[in-house]
Amino acid sequence: MTTLAIDIGGTKLAAALVDDALNLLERRELSTPASQTPDALHAALRTLVSPLFPRADRVAIASTGMIRDGMLLAINPQNLGGLHNFPLADTLSAMTGLPVLAVNDAQAAAWAEYRALGDDYRDMAFITISTGVGGGVVHNGQLMCGTGGFAGHLGHTLADPNGPMCGCGRRGCVEAMASGRGIAAAAQGELAGCDAKTIFTRAGEGDEQAAWLIHRSAQALARLIADVKATTDCQCVVLGGSVGLAEGYLTQVDAYLAQEPQAYQVRLQPAHYRHDAGLLGAALLAQGDK
Ligand code: ADP
Ligand code: BMX
Ligand code: ZN
């Protein structure tokens, strides 16, 4: 069977045809529309999947937001151009005529990365540092989704009670400081208006403010990881997303984590499936693997 896997992020939309052996047969990518209207997302998804779905047997979606009964409910609507909710499964079902499974992007990625770890692992966490900060937890071999889909939203735990407002309505979330948007939002002076990718480039060129913004993100991440270790006693934490996978980032997080007491130390590694972890995790779940 061939799965049309779709990954809906705050910055980019990706889609790929995936076979049962998890090979990516064809992959496409578009920017996520910044409009607040569901119509814009609908149109972008149609453009993305139209060339692919005639060759697919089912659809598997990994999407930013809390996914409940096939609906996308934003915790942080700012990450989706202000869009609060969107009928994800119904939209793709009407568009393709195929059966549809939808799951949160970080939960999906956690499952793919857990399966890539091997038999010695039962407890792990995946954290994406991307437009937002998302998370997925596998506990005793089971992917935690929660009764309402909110489980593992690690980016909305508290980093600093005096920190910046988060788009979820809470002050000082990890996401508000450590995510791509959080890094960009704190930039001042000549870096004001730059995105996180540009800030990483500037840090590489020796810009002190850029380096400080990235350190602040890595430090918030390390504290989050120590909290996750204390909550789940996970055997490893896998980092993904374009910020999480950026050169040198994981090493900085690891260095901050090393400053925590021994009990909070945990193995950190980059996502085995790199930027495709969400796509492949959704495909695996649609294959009935869980
Ligand atoms: P999404 O959130 O849509 O899944 P990404 O994982 O690509 O997408 O994350 C988008 C964020 O990552 C943006 O804030 C962007 O500026 C930043 N980014 C993209 N590429 C890089 C890079 N090479 N290095 C550092 N940050 C990056
Ligand atoms: C936000 C939240 C999570 C998501 C995470 C990473 C929304 C719309 N999204 O915390 O559900 O997993 O961002 O998403 O509330 P990404 O767009 O950075 O991949
Ligand atoms: Zn928040």
Side-chain angles (χ1 to χ4, degrees), residues 6-14 29-34 41 44 62-68 71-86 88 102-110 126-137 145-146 148-160 163-185 187 193-204 210 213-214 217-218 220 224 239-250 271 274-279 281:
I6 303 171
D7 188 347
I8 301 175
T11 300
K12 62 183 198 297
L13 309 175
E29 212 172 283
L30 286 182
S31 294
T32 307
L41 182 56
S63 176
T64 190
M66 190 163 65
I67 311 302
R68 186 180 295 166
M71 283 289 295
L72 186 178
L73 307 169
I75 296 297
N76 182 354
Q78 289 176 5
N79 287 1
L80 263 181
L83 198 59
H84 276 87
N85 54 57
F86 185 79
L88 204 48
V103 62
N104 168 266
D105 53 358
Q107 291 169 355
F126 170 85
I127 304 177
T128 173
I129 307 97
S130 34
T131 311
V133 172
V137 175
C145 291
F150 196 32
H153 271 74
L154 304 174
H156 300 283
T157 56
L158 194 62
D160 177 359
M165 273 308 287
C166 181
C168 74
R170 209 177 177 206
R171 180 175 292 283
C173 288
V174 173
E175 176 162 302
M177 294 169 66
S179 66
R181 285 179 71 107
I183 292 171
C194 291
D195 64 10
K197 186 175 181 180
T198 308
I199 291 168
F200 271 82
T201 306
R202 293 287 160 79
L213 289 167
I214 294 164
S217 164
L224 168 62
L239 299 190
S242 290
V243 172
L245 294 169
E247 205 187 318
Y249 185 80
L250 187 145
R274 309 293 297 176
H275 299 276
D276 294 327
L279 285 173

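Just so it is clear, the model here is predicted, and its values are computed rather than measured. The basis for the numbers below is simple: all heavy atoms, side chains too, and nothing from hydrogens, waters or symmetry mates. All ligand and atom numbering here is 1-based and tracks the order in the structure.
The two residues F200 and A246 come nearest to each other via the heavy atoms CE2-CB, 3.6 Å. R170 and H156 make their closest contact through NH1-O, 2.7 Å (heavy atoms, listed as atom of the first residue, atom of the second, distance). Smallest separation of non-hydrogen atoms from A109 and F126: CB-CE2, 3.4 Å. Pairing each heavy atom of I75 with each of P77, the nearest pair is O-CD, 3.5 Å. Among all heavy-atom pairs drawn from A102 and L88, the shortest one is CB-CD2, 4.3 Å. For the pair A178 and A220, the tightest heavy-atom approach, listed with the atom from each and the gap, is CB-CB, 4.2 Å.
Ligand 2 has an N or O atom lying under 3.5 Å from an N or O atom of I75, backbone or side chain. Between T32 and ligand 1, a contact under 3.5 Å exists for no N or O pair. Considering backbone and side-chain N/O of G132, one or more are found under 3.5 Å from N/O of ligand 2. Here's the thing with R181: none of its N/O atoms is less than 3.5 angstrom from an N/O atom of ligand 1. Ligand 2 has a nitrogen or oxygen under 3.5 angstrom from a nitrogen or oxygen of G65. For ligand 2, the polar-atom distance check finds no N/O of T11 at less than 3.5 Å from any of the ligand's N/O atoms.
Among protein heavy atoms, atom 17 (O) of ligand 2 sits closest to G10 N, 2.8 Å. What sits closest to atom 8 (O) of ligand 1 on the protein, heavy atoms only, is K12 NZ, 3.4 Å. Atom 25 (C) of ligand 1 has as its closest protein heavy atom F200 CD1, 3.4 Å. In terms of protein heavy-atom proximity, atom 1 (C) of ligand 2 is closest to E175 OE1, 3.2 Å. Of the protein's non-hydrogen atoms, the one nearest atom 5 (C) of ligand 2 is G134 CA, 3.7 Å. Looking only at heavy atoms of the protein, atom 16 (O) of ligand 1 is closest to K197 N, 3.2 Å. The closest protein non-hydrogen atom to atom 8 (C) of ligand 2 is T64 OG1, 3.5 Å. When hydrogens are left out, the protein atom nearest atom 19 (O) of ligand 2 is D105 OD2, 2.9 Å; that is the closest non-hydrogen contact. Among protein heavy atoms, the minimum distance from atom 10 (C) of ligand 1 is reached at T11 OG1, 3.5 Å. Atom 3 (C) of ligand 2 has as its closest protein heavy atom H153 NE2, 3.4 Å.
Within the 3.5 Å criterion, the main-chain N or O of K12 finds a donor-acceptor partner in the side chain of T32. E175 contributes no side-chain N or O that, together with a main-chain N or O of G132, makes up a donor-acceptor pair within less than 3.5 Å. Side chain of D7 to main chain of A14: no donor-acceptor pair is present (N/O by atom type, distance under 3.5 Å, no hydrogens or angles). Put simply, the side chain of Q107 gets close to the backbone of G149: a donor and an acceptor are under 3.5 Å apart. Using a distance-only test at 3.5 Å, with no hydrogens or angles considered, a donor-acceptor pair links the side chain of D195 to the main chain of T198. Here the side chain of T128 pairs no donor or acceptor atom with the backbone of G134 at under 3.5 angstrom. At distances below 3.5 Å, at least one donor-acceptor pair connects side-chain atoms of T201 with backbone N or O atoms of K197.
For ligand 1, the atoms sitting less than 4.0 Å from at least one non-hydrogen atom of A246 are 24 (N), 25 (C), numbered in the order shown with element in parentheses. The A74 neighbourhood of ligand 2 comprises atoms 8 (C), 15 (O), with distances under 4.0 Å to a heavy atom of that residue. Interface atoms of ligand 2 facing G9, defined by a heavy-atom separation under 4.0 Å, are 17 (O). Those atoms of ligand 1 that come under 4.0 Å of a heavy atom in G241, given as number and element, are 6 (O). Below 4.0 Å from some heavy atom of G180 lie the following atoms of ligand 1, by number and element: 14 (O). Using a 4.0 Å cut-off to heavy atoms of T131, the atoms of ligand 1 that qualify are 1 (P), 2 (O), 3 (O), 9 (O), 10 (C), 11 (C). Proximity to V243 (heavy-atom distance under 4.0 Å) selects the following atoms of ligand 1: 12 (O), 26 (N). Those atoms of ligand 2 with a heavy atom of H156 less than 4.0 angstrom away are 1 (C), 10 (O). Within ligand 2, the atoms closer than 4.0 Å to a non-hydrogen atom of N79 are 1 (C), 13 (O), numbered from 1 in the order shown.
We find the CZ-CG distance between F150 and L73 to be 11.0 Å, quoted to the nearest 0.5 Å. Between D105 atom CG and S63 atom OG the span is 6.5 Å, to the nearest 0.5 Å.
For the 3.5 Å distance criterion, the side chains of T131 and T11 qualify, holding a donor opposite an acceptor.
Checked against the Zn ion (ligand 3), the N, O or S atom of H156 at the shortest distance is ND1.
Nearest residue to atom 18 (O) of ligand 2 from G152, G81, A106, S130 is S130 (criterion: closest heavy atom). Remark: among candidates G244, S242, G182, the nearest residue to atom 19 (C) of ligand 1 is S242, based on non-hydrogen atoms.
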Full working for side chain to side chain contact (heavy atoms under 4.5 Å, CB included) between L72 and N85: CA-CA 5 Å; L72 186 178; N85 54 57; over 6 Å; no
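At a heavy-atom distance under 4.0 Å, atoms from both the backbone and the side chain of T131 approach ligand 2.
At the Zn ion (ligand 3), the angle from SG in C166 to SG in C173 is 110° when rounded to 10°.
Of the listed residues (C168, S179, P164), just one forms a side chain to side chain contact (heavy atoms under 4.5 Å, CB included) with C173, and that residue is C168.
Heavy-atom distances between Q107 and ligand 2 stay at or above 4.0 Å for every pair.
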